[in-house]
Amino acid sequence: MSFRVFNSLTRRKEIFTPREPGRVRMYNCGPTVYNRQHIGNFRSFLFADLLRRWLEYLGLEVSQVMNITDVGHLTDDADMDGEDKIEAQARREKIDPQKIADGYAELFLADVRELGVLAPMAYPRATDHIPEMLEIINGLIEKGHAYEKAGNVYFDVTTFPRYGRLSGNKVEDLEAGKRVEVREDKRHPADFALWKADPKHLMKWDSRFGPDGFPGWHIECSAMARKLLGDELDIHTGGEDNVFPHHECEIAQSECFTGVTFARFWMHAKFLTVDGGKMSKSLGNVYTLDDVKERGYQPRALRYALMRGHYRQPLNFTWEILEESRAALEKLDDLAHRLRLSCAGTGAAADADEGSAAVDSAQKSFEDGLNDDLNMPQALASLFELRSTALEGSLGTAAAQRAMAFLKKANSVVGVIKLEEDTLDARVHELIAARVHARETQDWAASDRIRDELNELDVVVQDTPDGTIWRKKG
RNA sequence: GGCGGCAUAGCCAAGUGGCUAAGGCGACGGAUUGCAAAUCCGUUAUCCCCGGUUCGAGUCCGGGUGCCGCCUCCA
């Protein structure tokens, strides 16, 4: 079965194939680093990570790029008085805007690492690509797709008939829209800025348009994608809120400049809501990874919570859901643990191949699920079905080894399961041995006391017919 | 005002028109256990409403209702 993805551009599921056989060029819209990234941002980044991991599972080489936008967008594209987000934050913190951006970029990288996101080929920064942006801007002016007015450069949307194809917006409707304020130096209200001039701006670059310029919002992605991946991408991803205007504008800029299709597949993750609605500072529910950790949850619990639903379905976050995720994850850890034991012969069925068919069927279901536009719920369900099989004691050693190999492969995609054997220090080993001895002599008081002690050390003991087994919590 | 999405059990969440509607979390009853934990067995769904198409609809079509997101920096 081949990998089918929902292409936002055509609004249909299509079979994915890279332009160059065996190699995928993928660009993921990353963060604007004027603030700490929140769990909503992570949903989109984890989606990109899942996609990359699945493509690699399928044996494709993935050239993946995720931008870090470290020059702020105007808070209001149509209003020159609108404040740049990074500069606004810099004023609040009274330090240099580049330091703000660099600081938050570091936090972003640390967060994402903790969430188990695999590093892409590159995390390019906007401020390192000003010449590449200007090259495109100049080219667009030469080709008549852009025009300059007093140091500001705008893209002329009327020169690109496909403008609006991705988002389903019509230029006429945008014109009628109440939210787009008309700026008198724009030819058309929907024209968007490629380059802006403002002497008061702190981050600025010299160019033929004047000494006080800085890039408009969308141009950095076009420039960095082109530089690192070439003119034609296979996949471009982002959050659904990027569809318009950001991605629409990227397509216009890039395609008018290069004359070829910018990206063949566009994939967008649905929005994350918190407590049933958009998160907001006033509600105090803009959660960061630190909030998750402060409540005693491992980052992987958040990874699980944000990935267990389908990426195109709305997802709501609550602390109850995170708790549910933690509990489910514990079961998957336990599956890995049981499989290790079965591989070693403990509790394994007499026939070494007993249960092989169930393992194969779980693997097929896992692969079919993810091949169907990354159906993660189905993929996860297959792992729990494998667990049921393993717990029925119906796996032989050979089947268990096969199951373990599959689980490792599966975890290369989901990236949340604790596969390796926990290590215990000598003290814990002694306690476990002492408890086994106490039980043999039916000294229940001592046995229970040691069990409590082990619990304090986050070790859970379980007495099974095959003897006492243990595992670490969490 | 324009565009898009969603509605399946107490909660979360799959579901190419066709076998008894996956899976997870939780709850309850029983088994097991020195007590637990884990596990096993069982119970927990008029698929938002009303029409229509069809031999057959959770699934397709039309109309409601409710919720969410985008159109402004936003993943």
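Numbers restart at 1 for each chain; the letters A, B, ... are given by sequence-line order, proteins then strands. None of the values given here were measured: they were computed from a predicted structure.
Residue Arg312(A) is out of contact with every strand shown, counting any heavy-atom pair closer than 4.0 Å. Heavy atoms of Lys331(A) sit under 4.0 angstrom from primed sugar atoms or phosphate atoms, though from no base atom. No engagement by Ala269(A) is indicated, since no non-hydrogen atom pair under 4.0 Å with the nucleic acid exists. The residue Leu391(A) sits close only to the backbone: its heavy atoms come under 4.0 Å of sugar-phosphate atoms, none of a base. Across all strands shown, Glu323(A) has no heavy atoms under 4.0 Å from either base or sugar-phosphate atoms. Base engagement by Gln462(A) is indicated by at least one non-hydrogen atom pair under 4.0 Å involving a base atom. Arg435(A) comes within 4.0 angstrom of a nucleotide base, judged by non-hydrogen atoms across all strands.
Side-chain contact of His188(A) with Thr158(A): a donor-acceptor pair under 3.5 Å is absent, judged by distance alone. Side chain to side chain, Tyr311(A) and Asp373(A) meet the donor-acceptor criterion of an N or O pair below 3.5 Å. There is a side-chain donor-acceptor pair under 3.5 Å between Asn28(A) and Gln64(A).
If you check U54(B) for Watson-Crick or wobble pairing at under 3.5 angstrom, you find it has no partner at all. Figure legend. C48(B) is base-paired to G64(B); pairs are counted as Watson-Crick or G-U wobble with both atom distances under 3.5 Å.
A27(B) sits 32 Å from C6(B) when the P atoms are compared, rounded to a whole Å. Distance check on atom C1': U44(B) versus A37(B) gives 24 Å, rounded to whole Å. To the nearest whole angstrom, the two P atoms, one in G58(B) and one in C19(B), are 10 Å apart. Taking atom C1' in both C55(B) and C71(B), the straight-line distance is 46 Å, to the nearest Å.
The neighbour count for Lys99(A) NZ, taken as heavy atoms of other residues, nucleotides or ligands under 6.0 Å away, does not exceed 12.
The nucleotide whose nearest atom lies closest to any side-chain atom of Ala327(A) is, among C12(B), C25(B), C71(B), C25(B). Among C70(B), G23(B), A13(B), the nucleotide with an atom closest to any side-chain atom of Leu315(A) is A13(B). Side-chain proximity of Asp463(A) to A36(B), U39(B), G5(B): nearest is A36(B). When distances are taken from the side chain of Arg338(A) to each of C25(B), A13(B), U39(B), the shortest belongs to U39(B). Among the nucleotides G69(B), A14(B), G24(B), the one closest to any side-chain atom of Phe271(A) is G69(B). For Glu324(A), whose side chain is taken as the heavy atoms from C-beta onward, the closest listed nucleotide among C12(B), G2(B), G34(B) is C12(B).
On a pure distance criterion of 3.5 Å, a polar donor-acceptor pair joins the side chain of Arg451(A) and the base of C35(B). With hydrogens and angles left out, the side chain of Ser325(A) and the base of G24(B) share no donor-acceptor pair within 3.5 Å.
Evaluation of the side-chain hydrogen bond (donor to acceptor under 3.5 Å, both in side chains) rule for Asn7(A) yields Glu14(A) as partners, not counting sequence neighbours.
Mapped onto RNA chain B by nearest heavy atom, Ser382(A) and Gln313(A) fall at different nucleotides, with Gln313(A) at the one closer to the 5' end.
Listed pair Lys270(A) / C70(B) fails the phosphate criterion, with no side-chain N or O lying under 4.0 Å from OP1 or OP2. The phosphate of U39(B) has OP1 or OP2 within less than 4.0 Å of a side-chain N or O from Arg387(A). Of the side-chain N and O atoms in Asn375(A), one or more sit less than 4.0 angstrom from OP1 or OP2 of G15(B).
Within the structure, side-chain hydrogen bond (donor to acceptor under 3.5 Å, both in side chains) contacts touching residues 379-389 of chain A (residues at least two apart or in different chains) are Asp334(A)-Arg387(A).
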